[in-house]
Amino acid sequence: MPANKRLLILPGDGIGPEVMGEVRRVIDWMEKRRAATFDVKEGLVGGAAYDVHGTPITDETMAQAMEADAVLLGAVGGPKWDDLPFADKPERGLLRLRKDMDLFANLRPAVVFDALADASTLKEEVIRGLDIMIVRELTGGIYFGEPRGIEDLPDGTRRAVNTQVYTTPEIQRVARVAFELAGKRGNRVCSVEKANVMESGVLWREEVQKVHDTEFAGVELSHMYADNCAMQLVRNPKQFDVIVTDNLFGDMLSDTAAMLTGSLGMLPSASLGAVDGSGRRLALYEPVHGTAPDIAGKGLANPLATLLSFAMCLRYSFDMDEDADLIETAARKVLDGGLRTADIMQPGKARVSTSVMGEAITGEMDKLAG
Ligand code: IPM
Ligand code: MG
């Protein structure tokens, strides 16, 4: 029996608990059908944590996250908490996890499943077969830069400041992750910034180029301005293999990339820290979609992004490639078979609930595992 894998599950708000329920189903399946055992703890994050503890994440939950081999997160936020002061907002829980765990590399693959090639708002030939990876810097840039804040000015007006800031090590370490990933895929990296208007973009471009020239000369590197990248993503997304970019541009470009796949409900992500001396790497896995408060609690949410995030967890944190493949293949088969949650519903297909989709996935896994 392999050692227990320590998982911390933080379902969060909105549809988070529903979609995470389907991950539980897959974990149960794995414990029954594979030799995998997980030591699963569950905690509160976001508005759910605020309602109970008055903070979007407690120090205890943070400590559990640091101890876990992997954290699985649903989603945070919602209208109920919109008027809270900044420091109490649900999103701060997620941002603290990312920052305190130093999860600097956020991997957001955008893959178009064949069965959904006509579900995108873009023409089918533009997106069929798409398989790109956005590597977003996650612990720096304008999300965390100082100074920040809103101040009252003597004339009665107000002034707000955020700071975009990057250091060479911050750029270099995320660039390395992108080059390493590219080496296992299409061997191409496109680095994205706004060096035409921002000094942080100039440094970004120079440092990525340096890492390339000294360590990864065998990988093809190009540079692109972020506005152009947004346009190219909807014009001809298949030109990209791996995109590496900063925190804010990565946030925006990954939402764009998500819609190429038909729905935000399809996009998983992995947020990884550095590998330490003992080979351990902190990691958090979450769907790219938000809490979708309008459909929360109705059984309408698409669990696939969260299930595919769990597959990434098996792959990147536990070296369980075969099991990750199993989940991904099951998702493909279920879609091929015509099941659809509301967000990806198409004419002639069968519209199913969150839990029926989850059941269908473990049903396929049963068949695949024989
Ligand atoms: C994301 C989200 C978060 C972000 C929010 C919820 C803080 O949009 O993960 O893309 O802006 O990073
Ligand atoms: Mg976002």
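Just so you know, ligand 1 is whichever comes first in the structure, and atom 1 is the first atom listed for that ligand.
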Is any side-chain heavy atom of [X] less than 4.5 Å from a side-chain heavy atom of [Y]?
X: I327; Y: M365; answer: yes
X: Q164; Y: D246; answer: yes
X: L107; Y: Y316; answer: yes

How far is atom 4 (C) of ligand 1 from its nearest protein heavy atom, and which residue and atom is that? Y143 OH, 3.3 Å
What residue and atom, counting heavy atoms only, is the protein's closest point to atom 8 (O) of ligand 1, and at what distance? D251 OD1, 3.3 Å
What side-chain donor-acceptor pairs closer than 3.5 Å can you find for residues 267-274, not counting sequence neighbours?
| unit_1 | atom_1 | unit_2 | atom_2 | d |
| --- | --- | --- | --- | --- |
| S269 | OG | E286 | O | 2.8 |
| S271 | OG | N106 | ND2 | 3.1 |

With nothing but distance in play, are any N or O atoms of E91 less than 3.5 Å from an N or O of ligand 1? no
Indicate whether the side chain of E207 and that of Y166 have a donor and an acceptor atom separated by less than 3.5 Å. no
Any atom of ligand 1 sitting under 4.0 Å from a heavy atom of H289? no
Tell me, which N, O or S atom in D251 is closest to the Mg ion (ligand 2)? OD1
Between R108 and ligand 1, find which residue part has any heavy-atom pair under 4.0 Å and reply side chain, backbone, both or neither. side chain
For this output row, return yes or no: ring centroids of Y50 and W81 closer than 6.0 angstrom. no
Does D255 put an N, O or S atom under 2.8 Å from the Mg ion (ligand 2)? no
Of the listed options R98, R92, M252, E286, closest to atom 3 (C) of ligand 1 (non-hydrogen atoms): R98
